[in-house]
Amino acid sequence: MSVSLSSSLIFSLYKSNVLTKPGKLLVRASSSAAPGIDFTTLESAIAKKDSDAVKEALDQLTEVGWAKKWSSQPYVSRRTTSLRELTSLGIKNAENLAIPSVRNDAAFLFTVVGTTGFLGVIAGQLPGDWGFFVPYLIGSISLVVLAVGSISPGLLQAAIGGFSLFFPDYQDRIARHEAAHFLVAYLLGLPILGYSLDIGKENVNLIDKRLEKLIYSGQLDAKELDRLAVVAMAGLAAEGLQYDKVIGQSADLFSLQRFINRSKPPIGKDQQQNLTRWAVLFAASLIKNNRAVHEALISAMSNKATVIQCIEAIEKAESV
């Protein structure tokens, strides 16, 4: 997860360096839209990236009795939280949530080194000078990979992301992770601009001009910090509820730290640790209490639904 300082808040789970300005998102109302509900205003607001207009449109849909889940959890209040509470809620291996996972990286590098080593041994059986030079050329591939990782980490991460598709749980992790950000932000009243589940571009895009100004100026108060912390930890919480090991927490924690650094007054290390635990607990509680909604959203996002179609999936699904 990361934050764009140019146009909007971008929560990205598996890629921590997404700082580019997002492209324009064109949204069409779903053909299965609720009878009598006009999404034209909301559609236009999202396309224009107008956060105030998006909020107003969703508020109007709430007033007519349709968007009942929008901003249904507007108030959050931080409290002291223990690891035991996370475990009791269903978070697996709560004590290891903040430890970055190297599963995908290690598997990729092991495969590269192992494959080139094996091919090098075979190439050593070639006749004449070929049996001397070819193994060295093949062996240099590992060094090139390491060099690319040092000079341009983004390229190596893209390769690792593609390789990660071989893990059967990877696509589900991404969808579950990003859907959690989307759902929790929606419940807290933060308007969503767009999202992506594409490998290397995974993110949920939020727009809130007022929050942007507070982040720019380093004036995030405790209330707004708490809201952003809950959204930031939502993906991590969703993974923790489903899997024994969380994979996509590094970018989440990095972005949370950026929010903390822009808050006022500053908070100490113990308070930061408690904020992280509490945010995971609060987000996990929202996800668990809206499990069917979360699953419906995962399905919609996996099928490349538009933002409005995703909102429809949230509103149509039962909370339990």
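Positions are given from 1, in the same order as the sequence printed here.
At least one donor-acceptor pair under 3.5 Å links the side chain of K69 to the backbone N or O of A317. Judged by distance alone, the side chain of E239 and the main-chain N or O of I247 form a donor-acceptor pair under 3.5 Å. Using a distance-only test at 3.5 Å, with no hydrogens or angles considered, no donor-acceptor pair links the side chain of T81 to the main chain of N274. Put simply, the side chain of N303 never gets that close to the backbone of A305: no donor and acceptor are under 3.5 Å apart. Looking only at distances, a side-chain donor or acceptor of N93 sits under 3.5 Å from a matching main-chain atom of D244. Using modelled atom types, no side-chain atom of E178 and backbone atom of S196 make a donor-acceptor pair closer than 3.5 Å. Judged by distance alone, with hydrogens and angles left aside, the side-chain atoms of S44 form no donor-acceptor pair with the main-chain N or O of T40 at under 3.5 Å. A donor-acceptor contact shorter than 3.5 Å is absent between the side chain of D208 and the backbone of P191. Remark: the backbone N or O of Q309 is paired with a side-chain donor or acceptor of T306 at under 3.5 angstrom. Side chain of S255 to main chain of D252: no donor-acceptor pair is present (N/O by atom type, distance under 3.5 Å, no hydrogens or angles).
K209 NZ: more than 12 foreign heavy atoms inside a 6.0 Å radius.
Within the 4.5 Å cutoff, side-chain heavy atoms of L89 are placed close to those of S285. Residues V293 and L187 have side chains not in contact (no heavy-atom distance under 4.5 Å, counting atoms from C-beta outward). Put simply, the side chain of L211 reaches to within 4.5 Å of the side chain of L220, judged on heavy atoms. Within the 4.5 Å cutoff, no side-chain heavy atoms of W70 are placed close to those of L61. For the pair W278 and V76, the minimum side-chain heavy-atom distance is below 4.5 Å. The shortest side-chain heavy-atom distance between Y186 and C310 does not fall under the 4.5 Å cut-off. When side chains are defined from C-beta on, F39 does not count as touching I46, because their heavy atoms never get closer than 4.5 Å. At least one side-chain heavy atom of Y243 sits less than 4.5 Å from a side-chain heavy atom of D172.
Residues passing the side-chain hydrogen bond (donor to acceptor under 3.5 Å, both in side chains) test with R227, sequence neighbours excluded: E224. Judged as a salt bridge (charged side-chain N to carboxylate O under 4.0 Å, His left out), and not counting sequence neighbours, K68 has no contacts. For Q242, there are no side-chain hydrogen bond (donor to acceptor under 3.5 Å, both in side chains) partners, not counting sequence neighbours. In this structure, the side-chain hydrogen bond (donor to acceptor under 3.5 Å, both in side chains) partners of E295, at least two apart in sequence or on a different chain, are R176. Shown here are the salt bridge (charged side-chain N to carboxylate O under 4.0 Å, His left out) partners of R84, two or more places apart in sequence or in another chain: there are none. In this structure R277 satisfies the salt bridge (charged side-chain N to carboxylate O under 4.0 Å, His left out) test with no other residue, sequence neighbours excluded.
Once rounded to the nearest 0.5 Å, the distance linking CD of E95 with OG1 of T87 reads 6.5 Å. L225 CG to K223 NZ: the interatomic distance, rounded to the nearest 0.5 Å, is 13.0 Å. L236 contributes atom CG, which lies 10.0 Å from atom CG of L241 (distance to the nearest 0.5 angstrom). For the atom pair F282 CZ and L188 CG, the distance stands at 6.5 Å (nearest 0.5 Å). Note that CG of N203 is 11.5 Å distant from CD1 of I174, once rounded to the nearest 0.5 Å. Atoms OG and CD, on S302 and Q171 in that order, are 8.0 Å from each other to the nearest 0.5 Å.
The shortest non-hydrogen separation linking E85 to T80 is OE2-O, 3.8 Å. The heavy-atom pair separating H181 from V231 by the smallest distance is ND1-O, 2.6 Å. Across every non-hydrogen atom of L206 and I192, the tightest pair is CD2-CG1, 3.5 Å. Across all their heavy atoms, A283 and V230 have their closest contact at CB-O, 3.6 Å. Smallest separation of non-hydrogen atoms from V280 and A237: O-CB, 3.7 Å. Taking all atoms of both residues into account, the shortest heavy-atom contact from A234 to I287 is O-CD1, 3.5 Å.
Placement of I91 and L281 within a single hydrophobic cluster is found when ILVMFWY residues are connected by side-chain heavy-atom separations under 4.5 Å, directly or transitively. I37 and V307 fall within a single hydrophobic cluster, where Ile, Leu, Val, Met, Phe, Trp and Tyr are joined by side-chain heavy atoms under 4.5 Å apart, directly or via other members. Follow the hydrophobic side-chain contacts under 4.5 Å out from L42 and you reach V64 in the same cluster. Under the 4.5 Å side-chain heavy-atom criterion for Ile, Leu, Val, Met, Phe, Trp and Tyr, Y195 and I298 are members of distinct hydrophobic clusters.
Taking a cutoff of 4.0 Å between a charged side-chain nitrogen and a carboxylate oxygen, D198 and K304 qualify as a salt bridge.
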Q: Test I260 against I267 for side-chain contact (heavy atoms from CB on, under 4.5 Å), laying out the working first.
A: CA-CA 8 Å; I260 291 173; I267 60 177; 3.9 Å; yes
